[in-house]
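Bear in mind that the values here come from a model prediction, so they are computed numbers and not experimental data. Each ligand, and each atom within it, is numbered from 1 in the order the structure gives.
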Amino acid sequence: MNLLKLSISKADAAIFQRRILTWYKKFGRHTLPWQLETEAYPIWLSEIMLQQTQVQTVIPYYHKFLSRFPTVQTLADASIDEVLGLWSGLGYYARGRNLHAAAQQVCQHHAGLFPKTLEALITLPGIGRSTAGAILAQSDGQAIPILDANVKRVLCRFHAIETASETALWGLATVYTPNTDVRAYTQAMMDIGALVCRNTHPECDSCPLQNDCAGFQSGNPTHYPEKKKRAAIPTRACVFALIIEGTRVLLQKRPTKGIWGGLWAFPEWSEATDKTLLGSYPHTLSPLQKHTFTHFHLSYQTRKITLKKCPAAVLTHWPNTELVDIIDSLSLGLPTPIKRLLTQLMTHSEKTKELL
Ligand code: SF4
């Protein structure tokens, strides 16, 4: 379907909205924790967490954050280490950093209240147009469209659109967004995409849009929208320096920009490290392990060195390092493979009363 040739009358849009809303009343999700909220703060929190993450994964993190940071001010006042520590395991850590920065901006520039215009909301870190629309629709009932991946898929399939510009799809989303009942409509569109018009195996026979759906009528709804070919993701190899002193391990806070920005990880062993006094210490090299991230595979080993007293030269060999007690380290913001290694060390130390 060529989107330019598409003309949707107000009556067509009203039928679409009615079908979606009737379905939502009966089959949609109504008891997700953030659906009980009308304040922008918890709705924003849930929207950021739900980006590229499943509802079931988000729920415990949502509760954990709201319990520790009941207001945007408490979140703004917290340290970034604490925020990333609580975010640990949820992935896409830029979201955690942006969450903290946005909370600080809301408190510094908006008196602790989330702005109520799209233009102002999208100036906050981590809030794009669709997230801003979802926040304003759900907290303030504003008739603003959303266009997340679920909504895009539903609209493209409904009109059998293979490809279209973002501008054209936003136009389509705007036409269908009603002036009233926006809160329910917004949630209904998310639910239709997540529960019925799923990426693979859409359940067209349970879909309220089936009668007029061009994608369904084509006999091949999953053809729409056209899938982007994913580039093969590269493999990155590294050796972590696992330096242990008593019950403490050496951790390095990674720079804010770049991989694992703001998180704590073991420093990486390099040729330059070989030339320091560390190169002469006896060590054990672990077997190769692998972890897959969204953008790359990581293949890693640890080079473990146990020291009675960590010399100052070792501490200064890498920037931003600290010896951290292994128990405390687990509450820091840690990438998944580092958390796994620290947990293994911890379990080992509980059994043997020592880290090696
Ligand atoms: Fe998606 Fe099928 Fe519903 Fe069309 S009928 S919107 S393809 S679930």
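Salt bridge annotation for Arg248-Asp328: absent, with no cationic side-chain nitrogen under 4.0 angstrom from a carboxylate oxygen. Glu203 has a carboxylate O that lies under 4.0 Å from a charged side-chain N of Arg198, or vice versa, which qualifies the two as a salt bridge. Contact check on Asp274 versus Arg303 returns a salt bridge, with a Lys/Arg side-chain nitrogen under 4.0 Å from an Asp/Glu carboxylate oxygen.
Closest protein heavy atom to atom 3 (Fe) of ligand 1: Cys207 SG, 2.3 Å. If you check which protein heavy atom lies closest to atom 4 (Fe) of ligand 1, you get Cys213 SG, 2.3 Å. Among all protein heavy atoms, the one lying closest to atom 7 (S) of ligand 1 is Pro221 CB, 3.5 Å.
Atom 2 (Fe) of ligand 1 has Cys204 among its coordinating residues (N/O/S atom, backbone or side chain, under 2.8 Å). The nearest N, O or S atom of Cys197 is closer to atom 1 (Fe) of ligand 1 than 2.8 Å.
Those atoms of ligand 1 with a heavy atom of Gln210 less than 4.0 angstrom away are 5 (S).
Judged by distance alone, the side chain of Ser88 and the main-chain N or O of Leu334 form a donor-acceptor pair under 3.5 Å.
With a 4.5 Å cut-off on side-chain heavy atoms, Arg18 and Thr22 count as touching.
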